Amino acid sequence: MERKGQELERIPKEKFEFAQLDKTIQDKKFDTKTRGFFADAMLRFKKNKSSVVAAYILALLALYAILAPIIAPIKMDNKDKVYTNTPPYIRAIADLGWGIFDGAVVHESQNEAQMNYWKGIGVETGYNPVLKILGTSETVSKYKGQDRISYSYKMSTNKYYDVGVVYRVFSYNEFENIQKWQNETGIQVIYPYVEPESISGINDNPNLWYQVDAKGSAVLDENGNFVPVYSTNSAIEGAPYNSIRIPGDDGSYIYSVRKSGSVQARVCYYNYYQYLNGYEPLYLLGTSVLGQDLFCGIGVGARFSLIFAIVVSAINLTIGAIYGAIQGYYGGTIDIVMDRFADICSGIPMIVVTVLFQLHLAAKVGTVGAFLFAFVMTGWISMSALTRKQFYRFKGQEFVFAARTLGASDKRLMFKHIFPNAMGTIITSCALIIPSVVLSETTMTYLGIINIADFAGTSIGTLLAQGQPSMLTAPHAMFFPSIYFALLLICFNLFGNGLRDAFNPTTRGVED
């Protein structure tokens, strides 16, 4: 003991001093912030690159649907009967010669007479329709024992210019208003009249303003120029013409002919379009078979589809969540009875419900109202089944037993404790329902089962149906609506898949 005491005395005193004599010792604050369920889901969603890209594309598509009908230079109610199924056209870009937005259409096997026809339109109106000669072929044939060479051309023309001049019938007052507009703008709309006898009786084509033979081929002068056959017959009765005249007119050309209390005149349609609308043709995505602007039409149709799909999803979510919650929470006989009712409803074909509602209910609630009822009648079933499954999953958990022990009512247990835990899966399912509703709505309108044009103006399905017959001659009429429709469905599905993975509770807290 002595020895041990001696050893203890050798230890310095400072070794026995308190390290934190005047300090309060307590738990340290966490350096990291707590993260909720939705924040954790968003973190996982951001790691799914394809879903993030899809979300951005969806935002752009939705923005287009909202803004396009507002900013479109030409609205849906402007239906031009001449510029139908015309390709995209912006004159400022077309004049640059880049080969885009030039309203180009391709013509095969154009002979010399047809080439002169296109050339004649450009000479008279100043709008040369010929954009490019794509190819030339030579044919040798025998004529009176001699070889005769003929040429055939493949070419592209501006469809807005190749309309050229058309016949129009005006009241005397309208004819005078056009003359005033010509004087104010300096743009020639009315062109001299041509008598049928002057062009060998060929009177069905207003673009024949030059001398032709019996076959309709141009008769050129010694310099290779067209020979005008504008009428100078003073005996022709028409409306007074006191406006600008075409070059070379000394005041003798006749510009109209009387027709049953009105006058008929030849007008350059491109300029006449400007007179009617106050602007030149400007079709960013071309026109439909009805002469409607596709840029505006796709926006109008997409806006209806998205709003309709969101409304249907919200209604189905509400009905399905309440129905499925009651099934899953109470179970037993209630669950069996309600499940059999859902089975009966799910066995009714959607297309049959839609047709019946359109025949018998549309007269009372309207086409869109009947269509909405058809979707709601069976659309809630999948949502109720999903909610039922989630309630069976969570109603036996400890936190539910604890809340029941503390006196929580059934309503509180269902919608305050169980339903929030199932919300992630339900939201994901709701996001995936939207593209299915858009697909069904587009299919119905494409097949002509319903027609919402009177309510919404048009729809994607209607535009696809209108563009189908002219796929070979005007592919843009179906191409642009198809591209928008395909992007919408693909991106919605990628976005929904990303949400499904993000809200999967088994991956909560997983960083990799």
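Just so you know, these numbers come straight off a predicted model, no measurement behind them.
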Q. Which pairs pass salt bridge (charged side-chain N to carboxylate O under 4.0 Å, His left out) with one or both residues in residues 273-292, sequence neighbours excluded?
A. R91-E280
Q: Answer yes if the side chains of N173 and E176 hold a donor-acceptor pair under 3.5 Å, and no otherwise.
A: no
Q. Does anything in residues 432-441 pair up under side chain to side chain donor-acceptor pair (under 3.5 Å), and if so which pairs, sequence neighbours excluded?
A. S305-E441
Q. Does a salt bridge link E174 with R168, judged by any charged N lying under 4.0 Å from a carboxylate O?
A. no
(Q) With ring-ring contact (aromatic ring centres under 6.0 Å, His included) as the rule and sequence neighbours excluded, what pairs involving residues 90-110 come up? (A) H107-W118
Q.
Looking at P240, is its backbone amide N or carbonyl O close enough to the side chain of Q179 to form a donor-acceptor pair, meaning the two atoms are under 3.5 Å apart?
A. yes
Q: Sequence neighbours left out, what pairs pass salt bridge (charged side-chain N to carboxylate O under 4.0 Å, His left out) with at least one residue falling in residues 251-262?
A: E237-R258
Donor-acceptor list for residues 244-251 side chains, cut-off 3.5 Å, not counting sequence neighbours:
from : atom 1 : to   : atom 2 : distance (Å)
R245 : NH1    : D249 : OD2    : 2.9
R245 : NH1    : Y253 : O      : 3.3
D249 : OD1    : G251 : N      : 2.8
D249 : OD1    : S252 : N      : 3.3
D249 : OD1    : Y253 : N      : 3.4
D249 : OD2    : Y255 : OH     : 2.7
D250 : OD1    : S252 : N      : 3.2
D250 : OD1    : S252 : OG     : 2.7

Side-chain donor-acceptor pairs of residues 284-304 under 3.5 Å, sequence neighbours excluded:
from : atom 1 : to   : atom 2 : distance (Å)
T287 : OG1    : Y83  : O      : 3.1
T287 : OG1    : N85  : N      : 3.0
T287 : OG1    : T86  : N      : 2.8
T287 : OG1    : T86  : OG1    : 2.7
S288 : OG     : L290 : N      : 3.3
S288 : OG     : Q292 : N      : 3.3
Q292 : NE2    : M76  : O      : 3.2
D293 : OD1    : F295 : N      : 3.3

Q) Between Y89 and Y161, is any side-chain donor less than 3.5 angstrom from a side-chain acceptor? A) yes
Q: State whether a side-chain donor-acceptor pair under 3.5 Å links Y269 with D80.
A: yes
Q | Where at least one partner belongs to residues 100-122, residue pairs that pass salt bridge (charged side-chain N to carboxylate O under 4.0 Å, His left out), sequence neighbours excluded | A | E108-K154
List the atom pairs, with distances to 0.1 Å, where a side-chain N or O of residues 350-368 and a protein N or O form a donor-acceptor pair under 3.5 Å, not counting sequence neighbours.
from : atom 1 : to   : atom 2 : distance (Å)
T354 : OG1    : M350 : O      : 2.9
Q358 : NE2    : T367 : O      : 3.2

Q.
For F375, give me all partners under ring-ring contact (aromatic ring centres under 6.0 Å, His included), at least two apart in sequence or on another chain.
A. F308, F371
Q: Go through the structure and list residues passing ring-ring contact (aromatic ring centres under 6.0 Å, His included) with F495, not counting sequence neighbours.
A: F45
Q: Determine whether I236 and E195 make a side-chain contact, defined as any pair of heavy atoms from C-beta on separated by less than 4.5 Å.
A: yes
(Q) If the condition is ring-ring contact (aromatic ring centres under 6.0 Å, His included), which residues does Y193 pass it with, not counting sequence neighbours? (A) none
Q | Shortest non-hydrogen contact from R266 toward N207 | A | NH2-CA, 4.4 Å
Q) What residues, two or more places apart in sequence or in another chain, satisfy ring-ring contact (aromatic ring centres under 6.0 Å, His included) together with Y446? A) none
